[in-house]
Student: 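One structure coming up, written as structure tokens, with questions to follow.
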There are 2 protein chains.
Amino acid sequence: MAEQRRVYASGDRVGATVRSGTRRRSAERLSVDRIVAVAIDQMRTHGYDAVTMRSIARELGTGPASLYAHVANRAELDQLVVGRVCALWEIPDPDPERWDAQLRECLISLLGILRAHPGVARCTMGMIPVERGMLAVVERLIGLLKAGEVPDQYIAWFVDVSSLFVGSVAAEEDIWRERMADIGEAPSEEETVVEVREVFSELPVAEFPLLSGMAEAMTTGTGDERFEFGVDVLISGLKALSAAR
Amino acid sequence: MAEQRRVYASGDRVGATVRSGTRRRSAERLSVDRIVAVAIDQMRTHGYDAVTMRSIARELGTGPASLYAHVANRAELDQLVVGRVCALWEIPDPDPERWDAQLRECLISLLGILRAHPGVARCTMGMIPVERGMLAVVERLIGLLKAGEVPDQYIAWFVDVSSLFVGSVAAEEDIWRERMADIGEAPSEEETVVEVREVFSELPVAEFPLLSGMAEAMTTGTGDERFEFGVDVLISGLKALSAAR
DNA sequence: TTGCATAACGAACAGTGTTCGTGTTAGAAC
DNA sequence: GTTCTAACACGAACACTGTTCGTTATGCAA
């Protein structure tokens with residue numbers, strides 16, 4: 001039994017030696033950080049729908065009930081996940097000569113972050129940023145918009161609109177990715193495009209004179225091109241409204 | 001037993017008299033239409049999360065397994081729901097003098113339709129419109145954008161962008177509405193605004209010089225105002241990009 | 001009438017988030 | 001060191017979800 005004395009790391013409880021037969025089985029103490037990190041990793045690897053309290057607990061070597069000592073429920077865990085990921089969003093120091101190009105890069109960068117963390121965008125819907133890390137990011141985004149002399153009220157509303165847009169694009173991509181994974185043998189993006197193009201070009205001309213002639217345009221453009229068009233629309237619109245005010 | 005002969009309505013099976021003890025218990029034959037109608041009604045009344053195959057079946061006087069003779073799965077039912085609701089979206093005949101104002105009205109109208117059918121926006125994410133009723137609506141929207149001399153490629157992409165934006169706004173509202181309903185005693189929109197404003201104005205000025213001074217702007221504006229700002233940004237942006245091309 | 005395809009259904013499955021009761025542990029106080 | 005207590009950790013179980021499977025009933029064509 002002497003070999004089974006408890007061993008403490010400095011200031012931490014990691015490494016505690018577990019006596020057989022006892023209730024506490026985890027070799028390492030649970031924490032919100034560990035739970036969130038595993039959730040993010042599993043969302044990336046398996047998609048949002050595959051991540052459950054059970055899958056997280058399994059990887060942490062415990063049962064799902066143990067997670068509730070650290071997170072109130074699944075919804076709170078989702079919000080913690082978003083906070084962790086969105087805190088990675090970096091906003092550069094504003095350059096008044098090119099604030100709009102900087103803004104474009106930022107929105108593209110946010111989509112990149114969400115793409116690097118598949119599934120997380122699914123958690124962003126309905127979230128009000130009140131966590132300090134995210135507020136710090138919002139603060140910097142506001143600085144960028146002020147460099148473009150955007151009126152305060154428009155800044156406030158544009159922060160909402162643009163982040164919602166990026167989040168929803170990412171969420172849709174997530175949904176598509178998971179849907180494709182479910183099918184097992186996923187058609188390539190190109191195959192899908194060809195297929196949808198056929199649907200459109202085979203529509204009856206009498207009933208769909210415009211759409212049938214626009215099969216090419218409707219199916220042209222990578223996801224990036226479509227997204228960047230949307231960002232350009234948002235930024236051009238903001239500039240036009242600001243100038244008109 | 002003579003009173004229990006089967007009675008057929010004209011060309012329909014409705015009204016079949018059920019012999020007691022038999023397996024078929026429903027007084028009325030199931031159909032996709034009936035299932036979708038009940039789903040839409042329940043989403044409106046109880047929110048998306050409260051609608052299950054069981055709740056639908058219960059209202060139809062049967063069991064959940066019976067629904068699978070008509071819809072492949074829950075996902076397909078969701079898509080049918082969207083198709084039914086979005087087919088209500090009416091696009092006016094285009095007036096080249098005011099196509100942009102018409103477009104604005106259309107996007108606002110779409111949000112109105114989704115608001116009138118709470119929960120449905122939750123089903124719109126990731127949906128490609130291929131159903132005839134929805135394609136007819138897209139055809140008319142394309143006509144409106146052509147009246148504004150928007151280039152084809154921009155039309156194609158704008159249809160995506162704008163419907164995604166409206167859908168995500170509606171989805172967020174749905175999520176908020178359900179979250180409030182879960183709390184039971186929901187704070188009013190005004191109370192929520194006051195609360196969030198306090199959070200922002202009490203931020204440390206040294207750390208959040210911009211945000212702390214923008215509490216008023218960040219919390220100003222009804223949901224409608226915020227949404228309409230977003231629509232104005234999209235339309236102004238589209239016009240600016242089209243003109244520059 | 002018969003035969004067959006499809007609708008309808010109950011039972012059960014596999015899975016989800018969560019609660020409850022209980023045992024264990026960490027850390028403060030003495 | 002011991003004692004006490006709050007919080008962590010856990011297993012069992014709950015209530016619920018979407019769905020499948022096997023069986024029976026029904027509609028419709030021949």
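Treat the numbers as computed from the prediction; the structure is a model and nothing was measured. Lettering follows sequence order; numbering is per chain, from 1.
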Student: Please work out which residues in residues 64-81 of chain A have a non-hydrogen atom less than 4.0 Å from an atom of DNA chain C and list them by number.
Tutor: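 Here the set is A/Pro64, A/Ala65, A/Tyr68, A/Asn73, A/Arg74.
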Student: Using the test side-chain contact (heavy atoms from CB on, under 4.5 Å), find all partners of A/Thr219 that sit at least two apart in sequence or belong to another chain.
Tutor: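 Scan of A/Thr219 (side-chain contact (heavy atoms from CB on, under 4.5 Å), adjacent residues dropped) gives A/Val193, A/Val196, A/Arg197, A/Phe200.
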Student: Residues two or more places apart in sequence or in another chain: which of them pass salt bridge (Lys or Arg N to Asp or Glu O under 4.0 Å) with A/Glu76?
Tutor: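 Checked A/Glu76 against salt bridge (Lys or Arg N to Asp or Glu O under 4.0 Å); zero matches.
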Student: Take atom CG of A/Leu30 and atom C1' of C/dT25, then tell me their distance rounded to the nearest Å.
Tutor: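 So the two atoms are 13 Å apart, to the nearest Å.
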Student: Quick test of your reading: applying salt bridge (Lys or Arg N to Asp or Glu O under 4.0 Å), list the pairs with at least one residue in residues 109-126 of chain A, sequence neighbours left out, ordered by first then second residue.
Tutor: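 Those involving residues 109-126 of chain A are A/Asp49-A/Arg122, A/Arg115-A/Glu173, A/Arg115-A/Asp224, A/Arg122-A/Glu178.
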Student: Among pairs that include at least one residue of residues 52-63 of chain B, which meet salt bridge (Lys or Arg N to Asp or Glu O under 4.0 Å), considering only residues two or more places apart or in two chains?
Tutor: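 Every candidate salt bridge (Lys or Arg N to Asp or Glu O under 4.0 Å) pair involving residues 52-63 of chain B fails, so no pair, neighbours aside, qualifies.
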Student: To the nearest angstrom, how far is A/Arg29 atom CZ from C/dA26 atom P?
Tutor: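 So the two atoms are 7 Å apart, to the nearest Å.
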Student: Which of residues 48-57 of chain A have a heavy atom under 4.0 Å from DNA chain D?
Tutor: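 Within residues 48-57 of chain A, the residues near DNA chain D are A/Arg54.
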Student: Identify the residue among A/Val36, A/Asp41, A/Ile35, A/Val71 that makes a side-chain contact (heavy atoms from CB on, under 4.5 Å) with A/Ile56.
Tutor: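 Among A/Val36, A/Asp41, A/Ile35, A/Val71, the one that satisfies the side-chain contact (heavy atoms from CB on, under 4.5 Å) with A/Ile56 is A/Ile35.
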Student: Could you pull out all residues at least two apart from B/Phe229 that satisfy ring pair (Phe, Tyr, Trp, His ring centres under 6.0 Å)?
Tutor: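 Expected list: A/Tyr154, A/Trp157.
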Student: Which residues satisfy the salt bridge (Lys or Arg N to Asp or Glu O under 4.0 Å) test with B/Glu228, sequence neighbours excluded?
Tutor: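 Applying salt bridge (Lys or Arg N to Asp or Glu O under 4.0 Å) to B/Glu228 gives B/Arg104.
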Student: Please enumerate all residues that pass side-chain contact (heavy atoms from CB on, under 4.5 Å) together with B/Glu198, with sequence neighbours excluded.
Tutor: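 With neighbours one apart ignored, the set is B/Val194, B/Glu202.
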Student: Just to verify, what does B/Asp174 make a side chain to side chain donor-acceptor pair (under 3.5 Å) with, not counting sequence neighbours?
Tutor: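 Testing B/Asp174 for side chain to side chain donor-acceptor pair (under 3.5 Å), a comparison that skips the adjacent residues, returns B/Arg177.
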Student: Quick test of your reading: applying salt bridge (Lys or Arg N to Asp or Glu O under 4.0 Å), list the pairs with at least one residue in residues 63-72 of chain B, sequence neighbours left out, ordered by first then second residue.
Tutor: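 Listed by first then second residue: nothing to list.
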Student: If pairs are Watson-Crick or G-U with both distances under 3.5 Å, what is the dot-bracket string of DNA chain D, marking crossing pairs with [ ] and pairs to another strand with |?
Tutor: ||||||||||||||||||||||||||||||
Student: Provide, to the nearest angstrom, the distance between the CD1 atom belonging to A/Ile35 and the P atom belonging to C/dT18.
Tutor: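 After rounding, the gap between these two atoms is 13 Å.
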